[in-house]
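A short worksheet on the structure shown next.
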Amino acid sequence: MIAMSDIYDNIMDLAKRRGFIWPTSECYGSVAGFIDYGPLGSMMKRNIENVWRRFYVIQEGYYEIECPTIGQEDIFIASGHVKGFSDKMCQCPSCREYLRADHIAEAHGLTGASVLGTEDLARLICTLPCPACEEVLGPVEVFNFNLMFQTAIGPGSQRRGYLRPETAQGMFTDFQRLLRFYRDKLPFGAVQIGKSFRNEISPRQGMIRLREFTQAEAEIFVHPAGKVHPAFSRYAAYKVPLLGIAQQEANQPPVVFRMDEAVRAGTVANQYVAYYLALTNELLVSIGVNPEKLRFRQHLPDERAHYAEDCWDAEIFSERFGWVETVGIADRTDYDLRAHERQSGERFLVFIPYETPEKESRIRVVPNMGALGPRFRGNARAVAEAICACVPGPEGLTVTIDGEDVHITPDLYTVREEVVEVPGTEVVPHVIEPSYGIDRMIYAVLEHSYHEEMVDDEERRVLRLPANVAPIQVAVFPLMNRDGLPEIAMEIAGAIRGQGILAEYDDSGAIGRRYRRQDEVGTPFAITVDYDTRDDRTVTLRDRDSMRQVRVPIEGIADLIGSLIEGHRSFDGL
RNA sequence: GCAUCGAUGGUCUAGUGGCAUGACUUAGGCCUUCCAAGCCUAUAGCCCGGGUUCAAUUCCCGGUCGAUGCACCA
């Protein structure tokens, strides 16, 4: 048994050596928080993204969009990132420690420090001691450290732009287009897979905390009053380990819930959140996350954003990093759309028709223009509009025109009670947001699939990646590099490639070495052409995990490999 | 960002103020009829910048990256 602390080093060593993950721009010395995906890493990442697409785009029907990674300032004013995505910091003049200024104030019982401006906060803390070196801070400068990368759009005066800190905003800013695309009906969703950027102060956990990372996010717009998922039955009986608020407060382990029961018990806020907890569980396990090392932790009330109705993190256990938040699933209510309404002045509404138009009696105030005109002349129109917006009392009403209160007597209008037909209502949808950190998923899959074992006194390193995630899906070898065997092997590799499957041909070195090479990068299947092949047109097919081999005919082997990768057939069934 | 420690071929590693070890890997060849066998050959290295010195991979200073602790972590 190898020490757990070494596993990370061994995995990252393998990842570097075999072209999964590299430190970026090494020839200039790399930069913390940025990584390169090598040839196999890129392939594996794409495969995982495609599994994600299978769930969200194909299964759920939420189409993918692609927005710029640079956004104008208004977007992030609305989202709250310009104001809220920064920390007020100061540097202790004595020990040069960087400190959270608001935390210092709050540690000394001064509440509300987080909403103060930088200058007020500087005044507030100047008499307080530095938490690191105990010296009184004195007149320090408090500054905002915003976690967004800022840039300028265009030359000259230059509009301010930011690299997006999440992909989500694109689905909100495109809301009205999306609504039309989905023909004005709730619920609908849109997804985006792409790069996001956060200028982390100190990214020191390898590929767990990156400054540039890939997110896969879905924004699902639902009717605020009916968070009933139309396909809830798919996951109603699905079981997921939930670490709810109750378990956390009682310091208890997660409880395995059926999703329908979790909703009924009120542990999960609604069917939508429960549905995506279950879907996420299924998705993560299908890409190779060990289900024993997966749990869903509910945000405690004080860590949850004030507007969120419910929020859960899928946490994956890493031998190196402990429980790592990898997916966030939140009911964000109408917070985001309303924020963009305020900032943009646009409306983000969906018209919901009633089944039958409702009759509603209304009091309508109708201005008497014949009397208003001569009396108010140029202001008559403004007065009339003001009257319409009022509910008059028995003595008439008072409106304000150009800052002056004007009394309107009842003879200047008539009040009518009328019945109108209301065809429907308008709502601002609520948003369910499952948000996946693709890079963290990739790390988790690498760690969970990495195994070292002894075979004939020789160490064997193997990545037990699911076949649809493995960067190379099948390897084809001639047993000997002569006697016509390479020709047959190359022919087989070509046939498999013809099916759109990545096959690697390798005739270098002993056969055992070639198997080991593929084991190390997780190739699930290997085909070997031997001398019998020349006589009976059969080859051996080797299973990575069991190292077992079966003989199968060359005829139809490309289809067979395809079925094995897709999971339509199993190796044990051959 | 601070403090401590570290950095030698792709990987692991020996070692040094004066020609830098070995193993594994990789490539080519020989051999080889199914799990890292053997033989021959080849490729490839002292993190970066500055200083001290006749001479620096080695000593000193600064930086980068990594590990650990502190701090930070929508």
Side-chain angles (χ1 to χ4, degrees), chain A residues 5 8-10 12-14 16-19 22-34 38 76 79-92 94-104 130-133 145-148 164-166 168-169 196 198-206 208-209 211 215 299 303-305 308 311 320 324-325 328 330 332 435 455-462 477-483 485 508-520 526-534 539-544 546-549 551:
Chain A
S5 58
Y8 172 84
D9 294 326
N10 294 354
M12 292 316 283
D13 170 52
L14 186 156
K16 262 189 231 164
R17 263 190 305 111
R18 299 305 307 273
W22 293 326
T24 191
S25 57
E26 276 184 292
C27 65
Y28 292 107
S30 303
V31 188
F34 297 94
F76 302 111
S79 70
H81 285 103
V82 169
K83 257 211 160 85
F85 204 59
S86 60
D87 298 329
K88 294 210 173 52
M89 300 190 70
C90 64
Q91 189 177 22
C92 171
S94 312
C95 66
R96 306 178 58 78
E97 187 82 278
Y98 278 89
L99 307 156
R100 279 286 293 270
D102 52 334
H103 284 191
I104 298 171
C130 166
C133 70
F145 182 78
N146 194 295
L147 264 35
M148 283 194 294
R164 64 183 178 192
E166 57 177 23
Q169 295 308 319
S196 294
R198 298 178 189 180
N199 200 1
E200 298 287 352
I201 297 166
S202 174
R204 286 207 308 187
Q205 297 164 60
I208 296 297
R209 174 171 302 177
R211 289 188 165 123
Q215 288 186 302
H299 280 203
E303 70 181 307
R304 188 170 66 207
C311 187
R320 180 49 172 265
V324 178
E325 308 165 20
R332 297 177 59 87
S435 170
V455 175
D456 299 332
D457 293 330
E458 199 84 53
E459 189 181 73
R460 173 181 184 245
R461 284 183 297 272
V462 53
F477 309 138
L479 183 61
M480 291 297 140
N481 196 5
R482 60 177 187 228
D483 305 324
L485 302 187
S508 146
I511 189 73
R513 177 183 295 279
R514 284 178 267 165
Y515 286 138
R516 290 292 191 276
R517 269 191 207 124
Q518 296 299 329
D519 289 340
E520 198 177 50
I527 292 166
T528 303
V529 172
D530 58 21
Y531 284 92
D532 292 342
T533 306
R534 295 191 302 185
V539 292
T540 63
L541 177 64
R542 171 188 182 264
D543 174 56
R544 175 198 64 204
S546 63
M547 296 194 286
R548 278 181 39 232
Q549 289 178 297
R551 273 208 100 76

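Below, each value reflects all heavy atoms present in this structure, side chains not excepted, and no hydrogens, waters or symmetry copies. Source: prediction; values computed, not measured.
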Say we look at [N] and [M]: how far apart would their [atom1] atoms be, to the nearest angstrom?
N      : M      : atom1 : value
B:rU41 : B:rC47 : C1'   : 31 Å
B:rU57 : B:rC2  : P     : 27 Å
B:rA44 : B:rG10 : C1'   : 9 Å
B:rA36 : B:rU16 : P     : 38 Å
B:rA71 : B:rU11 : P     : 34 Å
B:rG38 : B:rU21 : C1'   : 24 Å
B:rU4  : B:rC54 : P     : 32 Å
B:rC12 : B:rC70 : C1'   : 33 Å

When you measure from the side chain of [X], which nucleotide among [options] comes out closest?
X        : options                : result
A:Glu458 : B:rC65, B:rA36, B:rC35 : B:rA36
A:Val31  : B:rC35, B:rC65, B:rA37 : B:rC65
A:Arg320 : B:rC35, B:rU68, B:rU33 : B:rU68

Pairwise distance CZ(A:Arg517) to OG(A:Ser508) - rounded to 0.5 angstrom: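 Between A:Arg517 CZ and A:Ser508 OG, I get 4.5 Å after rounding to 0.5 Å.
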
Under 4.0 Å between a Lys/Arg side-chain N and an Asp/Glu carboxylate O for [X] and [Y]?
X        : Y        : answer
A:Asp519 : A:Arg461 : no
A:Asp530 : A:Arg551 : yes
A:Arg17  : A:Glu520 : yes

What is the distance, rounded to the nearest whole Å, between atom [atom1] of [X] and atom [atom2] of [N]?
X        : N      : atom1 : atom2 : value
A:Leu485 : B:rU32 : CG    : C1'   : 13 Å
A:Asp13  : B:rA67 : CG    : C1'   : 16 Å
A:Arg517 : B:rU11 : CZ    : P     : 18 Å
A:Lys16  : B:rC24 : NZ    : C1'   : 17 Å
A:Met12  : B:rU11 : CE    : C1'   : 15 Å
A:Phe34  : B:rG66 : CZ    : P     : 12 Å
A:Asn481 : B:rA27 : CG    : P     : 12 Å
A:Arg534 : B:rU33 : CZ    : P     : 12 Å

task: Taking the side chain as every heavy atom from C-beta outward, state whether A:Arg514 and A:Leu479 have any atom pair closer than 4.5 Å.
output: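 Side chain of A:Arg514 against side chain of A:Leu479, heavy atoms only: no contact under 4.5 Å found.
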
Select base, sugar-phosphate, or nothing to describe what [X] touches, counting heavy atoms under 4.0 Å on all strands.
X        : value
A:Arg482 : base
A:Arg17  : sugar-phosphate
A:Asp530 : base
A:Gln549 : base
A:Arg461 : base

- request: State whether A:Arg513 places a side-chain N or O below 4.0 Å from either non-bridging phosphate oxygen (OP1 or OP2) of B:rA37.
  value: yes

- prompt: Between A:Ser508 and B:rU26, does any side-chain N or O lie under 4.0 Å from OP1 or OP2?
  reply: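 No, outside the criterion.
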
message: Can you work out whether A:Gln215 or A:Glu520 has the more 5'-proximal nearest nucleotide on RNA chain B?
response: A:Glu520

Contact nearer the 5' end of RNA chain B, comparing A:Arg514 with A:Arg198: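 Counting from the 5' end, the first nearest nucleotide belongs to A:Arg514.
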
Side-chain-base donor-acceptor pair under 3.5 Å for A:Arg542 and B:rC34: no

Base-pair map of RNA chain B as dot-bracket, where | denotes pairing with a different strand and pairs are Watson-Crick or G-U under 3.5 Å: (((((((..(((.....[...))).(((((.......)))))....(((((..]....))))))))))))....

- request: Could you classify B:rC19 for me, syn or anti, using a glycosidic angle within 90° of 0 as syn?
  value: syn

message: Assess, by modelled atom type and distance only, whether the side chains of A:Glu166 and A:Ser196 contain a donor and an acceptor separated by less than 3.5 Å.
response: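 No - no donor-acceptor pair under 3.5 Å links their side chains.
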
- prompt: Taking the six-membered ring of A:Tyr515, is the NZ or CZ of A:Arg542 close enough (under 6.0 Å from the centre) and on axis enough (within 45°)?
  reply: yes

message: If the test is side-chain contact (heavy atoms from CB on, under 4.5 Å), which one of A:Leu485, A:Val539, A:Ile511, A:Leu541 qualifies with A:Thr528?
response: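 Result for side-chain contact (heavy atoms from CB on, under 4.5 Å) with A:Thr528: A:Ile511.
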
query: Going through the distances and angles, do A:Ile208 and A:Val324 end up as a side-chain contact (heavy atoms from CB on, under 4.5 Å)?
result: CA-CA 8 Å; A:Ile208 296 297; A:Val324 178; 4.0 Å; yes

